[in-house]
Amino acid sequence: MGIASLLPTLKSISRHAHVGETYAGQVVCVDAYVWLHRGAYACSRELCEGLPTRKHVEYFLNRARTLKRANVRAIYVFDGGRLPGKANEEAQRRRNRSEALAKAKAHARQGNASAANDFYVRAVDITPEMAREVIEALAREGFESLTAPYEADAQMAYLVKNGFVAGVITEDSDLIAHGCRSVFTKMAGDGSGIEIRFEELGRNRGLSFVGFTPDMFLEMCVLSGCDYLPSLNGVGVKKAHSLIRRFKTYNKVLRHMKFEGIAVPKDYESRFVDALLTFKYSWVYCPQRREIVNLNDPVGVLDQSLIDDLPRLIAHSRVGAIDERADPKA
DNA sequence: TTAACGTCAAAAT
DNA sequence: TTGACGTTAA
């Protein structure tokens, strides 16, 4: 998901590259979520039926070995809580999966393996146990992994911002919204993919980001619609861009819209602030201090009363239980 | 011109 | 299920 159509917007500064050429001798972090899913496709039937398989683990290890061969040291970052979304969305997904599983089994009974497989792939669930299997397999080969207290996105953004890693390998455009120096997407099995550098933004053709600060860019992203807040009707990346270019801050954008009599839901502003806070102050693990910290330091930036509220504000924006692996005390 | 909408293909073997 | 792309509607 992430920010809708942000990647196509940045096509002119997207560079075809190879992880080796891009990161050789450096450390990067990898969004484990995608590889976990792709690996599961290779053996969705076995996973659904509870049959023994290690294909998904092997898939992940192969990717990890590709990075190693390219002389890239990687930290594999896993999501903490059970993945995003409201409880009812999660329940709906569970229902969809079990329906798909029923259909898969029906096709399998009739001997139609390929039809069955179409439904098995829709029925696979990525469980914490699968993540643990992969983490253990990685460790056995000397690969490092890290489970984020909440979301991997924020965790990876922290690692880049503080110089722990040089870049992020992911499919998620949110990392660009976070202002990551280097984001590597669409990595194939051979290590080829596309790199986007934040400092190239000023050279983008089409939408111009000349004069944009990282905050302006982030606010544009939230305005255009993100995982935490859908956009207003008729607002996409283009509209959000022209509004921020003209008014510089979301505050002034919203004031302008009110002035123009554009219909804005009553709670939009407060939800916008929550979304921004979630982007900027999510909880992450600091490998140096060995404790949970905010992605950005709120001290001196936010009012103390707001800082005191962060645990509540950020915890409710993504409801997800933190499993025991993510507990700093464990 | 831009966003919304619908269709299509890829994911891994 | 998601992202990419072409078409349509405002």
Side-chain angles (χ1 to χ4, degrees), chain A residues 1-12 14 16 30-49 51-66 79 83-85 89-101 103-104 108 113-126 130 134 153 169-177 183-194 196 205-208 220-221 223-227 230-246 257 262-263:
Chain A
M1 297 223 201
I3 316 295
S5 71
L6 184 59
L7 258 49
T9 302
L10 303 179
K11 195 165 182 191
S12 72
S14 303
H16 284 277
V30 176
D31 189 353
Y33 176 79
V34 179
W35 293 359
L36 225 35
H37 267 271
R38 290 192 185 160
Y41 281 114
C43 50
S44 52
R45 185 183 66 91
E46 290 87 340
L47 291 171
C48 285
E49 301 289 358
L51 303 170
T53 177
R54 298 206 38 97
K55 277 187 190 163
H56 56 305
V57 179
E58 281 307 315
Y59 174 87
F60 205 110
L61 288 175
N62 278 330
R63 290 293 173 106
R65 291 174 192 134
T66 296
D79 283 288
L83 271 165
E89 276 177 29
E90 188 59 39
Q92 182 62 48
R93 292 192 169 192
R94 253 196 299 278
R95 275 195 296 276
N96 291 343
R97 281 196 300 264
S98 77
E99 276 177 36
L101 183 57
K103 288 178 184 168
S114 89
N117 197 54
D118 285 347
F119 288 97
Y120 278 126
V121 296
R122 296 184 211 180
V124 240
D125 182 23
I126 306 298
M130 288 162 64
V134 170
D153 281 357
I169 297 176
T170 180
E171 300 301 312
D172 199 331
S173 52
D174 277 7
L175 272 295
I176 304 169
V183 175
F184 198 96
T185 66
K186 307 191 191 308
M187 189 188 121
D190 64 355
S192 63
I194 290 168
I196 298 175
R205 284 177 296 138
L207 298 189
S208 166
M220 178 199 78
C221 288
L223 266 179
S224 77
C226 64
D227 292 348
S231 70
L232 296 168
N233 280 341
V235 179
V237 175
K238 304 265 167 72
K239 270 275 171 53
H241 171 267
S242 80
L243 287 166
I244 289 293
R245 189 178 55 173
R246 188 163 159 210
M257 293 202 281
I262 297 165

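Quick note on labels: first sequence line is chain A, next is B, and so on, each numbered from 1. A quick note: this is a predicted structure, and the numbers were derived from the prediction, not measured.
- Legend: side chain to side chain donor-acceptor pair (under 3.5 Å) pairs involving residues 185-194 of chain A, not counting sequence neighbours, sorted by first then second residue: A:D190-A:S192.
- Across all strands shown, A:K186 has heavy atoms under 4.0 Å from sugar-phosphate atoms exclusively, and none from any base.
- No contact: A:K55 has no heavy atom under 4.0 Å from any strand.
- A:A115 is linked by a side chain to side chain contact (heavy atoms under 4.5 Å, CB included) to A:H107, A:N112, counting only residues two or more places apart in sequence or in another chain.
- Separating the CD atom of A:E171 from the C1' atom of C:dT1 is a distance of 14 Å, rounded to the nearest angstrom.
- Atom pair A:R38:CZ and C:dG3:C1' shows a separation of 11 Å (rounding to whole Å applied).
- Rounded to whole Å, atom P of C:dT2 lies 15 Å from atom CD1 of A:I3.
- Rounded to an integer number of Å, the gap from A:Y120 OH to C:dT1 P is 18 Å.
- A:R38 forms no cation-pi arrangement with A:Y41, by the criterion of a distance under 6.0 Å to the ring centre and an angle within 45° of the ring axis.
- Nucleotide C:dG3 holds its C1' atom 15 Å from the NE2 atom of A:H37, rounded to whole Å.
- Under a 4.0 Å N-O distance rule, the pair A:R54/A:E46 does not qualify as a salt bridge.
- Where DNA chain B meets chain A (any atom under 4.0 Å from a heavy atom), the bounding nucleotides read 5' to 3' are B:dT2 to B:dT13.
- Protein atom CG of A:N96 is 14 Å distant from nucleotide atom C1' of C:dT2, rounded to whole Å.
- A:R63 comes within 4.0 angstrom of the backbone, heavy atoms only, and of no base.
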